[in-house]
2 protein chains.
Amino acid sequence: MDEQGDTLTAVFAALADPTRRAILQRLTVGSASVAELGEPFCMSQPAVSKHLKVLERAGLISREQVATARYSRLEAEPLREATEYMQRYRRFWNESFDRLDAALADHLSTVTSAEPPSTTPEKERTDD
Amino acid sequence: MDEQGDTLTAVFAALADPTRRAILQRLTVGSASVAELGEPFCMSQPAVSKHLKVLERAGLISREQVATARYSRLEAEPLREATEYMQRYRRFWNESFDRLDAALADHLSTVTSAEPPSTTPEKERTDD
DNA sequence: CTCCTTGATAACCTTGTGGTTATGAAGCTT
DNA sequence: AAGCTTCATAACCACAAGGTTATCAAGGAG
């Protein structure tokens, strides 16, 4: 769970910042130098470099030195993995209504004896 | 961009922790009390409560007080939103070759002196 | 009523994160 | 060679994050 759990952590952490998300979005229209990437933000150049390093360590960008410039390129593979991870929860936003009903009914019928609102334990269990 | 960008930040930040991901996974098999959720981890109870608070603020769980127990329930809606967000990048792990062309063209049109990170030659940009 | 369990909260510590300025390496331009 | 541009790195700062222990409120169980 932690070989790529580590990757997941890095990717989600990288995405948990608006600046970095904006950088990624900018990169969807093509590679860009550090200066270009930092231009939209009122932020010093080293700050941008730090963000890029975070993105790079998460595998979300690759970088290529051309002259004095360092061009960043979007690498979407980790995003695919992260998406796949979240897809494991897809059934829960599909069947949330069923679960809600079940939980409510269960709770109403057992609240006097203080039992947990066990939300239909989904024997499906496609665990990893 | 930041009405739900805030939500995105909270969700990704919440997911960027292995403990919280494990808690979410545990919740896929049903609601659980704080003690139950914390049992797999060698971690104090307040630490678990903090994680739960993070998850709650990200909208990833809802909570229900039954007696002295507080049962957490998985709320997958924010995960759906986060997945949708990442889906915007799907074409980049599908059509990464086309994208390279786009990147190159874009870069050429904005930078006249330095050379682009030429990975593939010529072509016009195919922005969406 | 008294005791035990559950879990929240506060106070605190340590690390990590996001930002800054200052500096320096490397490469064009002239 | 001299100077400007691009960017990384270091040193530093403020604050958030994840963890701890101590404490306390509230609800069963005896």
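Letters A, B, ... mirror the listed sequences (proteins, then strands); counts begin at 1. Side chains are part of it too, since the values below use all heavy atoms of this structure and drop only hydrogens, waters and symmetry mates.
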Residues from residues 40-50 of chain A lying under 4.0 Å of DNA chain C - heavy atoms:
Met43(A), Ser44(A), Pro46(A), Ala47(A), Lys50(A)
Starting at atom NE2 of His51(B), determine the distance to atom P of dT20(D), rounded to an integer number of angstrom.
9 Å
For Val54(A) and for Val34(B), find the nucleotide of DNA chain C with the closest heavy atom, then tell me which residue's nucleotide is more 5'.
Val34(B)
In whole Å, what is the span from the CG atom of Leu15(B) to the C1' atom of dG18(D)?
17 Å
Distance in Å, Ser31(B) OG paired with Glu64(B) CD, rounded so as to fall on 0.5 Å steps
7.5 Å
Is atom CZ of Arg88(B) surrounded by more than 12 heavy atoms (other residues, nucleotides or ligands) closer than 6.0 Å?
yes
Working to the nearest 0.5 Å, report the span between CH2 of Trp93(B) and CE of Met86(B).
7.0 Å
Between CZ of Phe12(A) and P of dG18(D) the distance, given in whole Å, is 15 Å
Arg20(B) has a side chain; which of dG7(C), dT6(D), dG18(D) sits nearest to it?
dG18(D)
Looking only at side-chain N and O atoms, does Ser49(A) offer a donor or acceptor that is under 3.5 Å from a partner on Gln45(A)?
yes
Would you tell me if any nitrogen or oxygen in the side chain of Arg63(A) comes within less than 4.0 Å of OP1 or OP2 on dA8(D)?
yes
Figure out the CG/C1' separation between Leu55(B) and dG18(D), and round it to whole Å.
13 Å
Rounded to whole Å, the CZ-C1' distance (Arg57(B) to dA16(D)) equals 11 Å
Applying side chain to side chain contact (heavy atoms under 4.5 Å, CB included), can you list everything that pairs with Glu56(B), at least two apart in sequence or on another chain?
Ile61(B), Arg63(B), Arg70(B)
Do the side-chain N and O atoms of Thr28(A) and Arg91(B) include a donor-acceptor pair separated by under 3.5 angstrom?
no
CG on Leu79(A) to CZ on Arg90(B), rounded to 0.5 Å:
12.5 Å
Just the rounded figure in Å: distance from P of dT6(C) to CD of Glu64(B).
18 Å
Interatomic distance, Leu52(B) CG vs dG7(C) P [rounded to whole Å]
9 Å
Whole angstroms only, please: what is the CZ-P distance between Arg70(B) and dA25(D)?
17 Å
